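A short worksheet on the structure shown next.
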Amino acid sequence: MLGDILLDIYRWLFDHFGPQGWWPAEDPFEVCLGAILTQNTNWGNVKRAIENLKRENLLSPRALREISVESLASLIRPSGYYNVKARRVKNFVSFLTDRYEGDINNLRKEDPLELRRKLLSIKGLGPETTDSILLYALDLPFFVVDAYTHRILCRHGLIPEVISYDELQEIFHQNLVRDVPLYKEFHALFVACGKTYCKKQSPRCDDCPLSTLDQKF
DNA sequence: CTCCTGCAAG
DNA sequence: CTTGCCGGAG
């Protein structure tokens, strides 16, 4: 029932926007950095920050382990919240080097739910950042919930205004097949729809590919 | 001015 | 539950 509606949403969005090809990054570690840097931040600004790190050959756990948090902060400045994010990147890199030999692939040896719990214990990694890493860097089937997901489903009356991250994620896990490519594309499509149509202010409901959804109730 | 693929601290 | 973090684009 709800699964059918979610699949309908997916199809309409996919038909309208086409494949999004997320996550835009060269390797899994870059995905992790991007996931932290894009917290409440426009991706365009994150790209600048990552370009700075690339230019300085700092896109590796080893290199980021060495650099001072102050230097790191100045390099990621364009992404905003640079002081807190530099600390958060440092926390993640320490976690990776101290416990997994700085190799992102060693994370795959963990039980997925246990790994999620451990990532969440890192200061600066909340549920969305963690699930982005699990899904887009490690190809594990965890649905990434974000502000767009909530806004779109809420405006169509499919979920209550007040709902926790885990509760909303469970809706996807319980009602959709645990398919990694589907989860990757679906989240990216929610973002595309949220940015283009289901905007926070002055949403463009008339042109929205999901406009027929409301008539089902 | 608001918003952006949040999160932790107060 | 509210606030601080913050640059860049529209």
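All figures in this text were calculated on a predicted structure; none of them were measured in a lab. Sequence lines set the chain letters: A, B, ... in the order given, protein chains first and strands last, and positions in each chain run from 1.
- Judged by a 6.0 Å distance limit and a 45° cone about the ring axis, A/Arg178 is positioned over the six-membered ring of A/Phe142.
- Every pair tested for ring pair (Phe, Tyr, Trp, His ring centres under 6.0 Å) that includes a residue from residues 56-81 of chain A fails, sequence neighbours excluded, so the list is empty.
- Between the NZ atom of A/Lys47 and the P atom of C/dA9 there is a distance of 11 Å, rounded to whole Å.
- For the P atoms, the distance linking C/dC1 with B/dT5 amounts to 25 Å, nearest Å.
- The backbone N or O of A/Val144 lies less than 3.5 Å from a partner atom in the side chain of A/His187, making a donor-acceptor pair.
- A ring-centre distance under 6.0 Å is not found for A/Phe172 and A/Tyr183.
- Residue A/Arg48 places at least one side-chain N or O under 4.0 Å from the OP1 or OP2 atom of C/dA9.
- When the P atom is used for both C/dC6 and B/dG10, the distance is 15 Å, rounded to whole Å.
- Listed by chain and number, the residues in a ring-ring contact (aromatic ring centres under 6.0 Å, His included) with A/Tyr165 amount to none (sequence neighbours excluded).
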Could you run down nucleotides 2-10 of chain B 5' to 3' and tag each one B, S or - for protein heavy-atom contact under 4.0 Å?
SSBBBBSS-
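- Side chain to side chain, A/Tyr82 and A/Arg77 meet the donor-acceptor criterion of an N or O pair below 3.5 Å.
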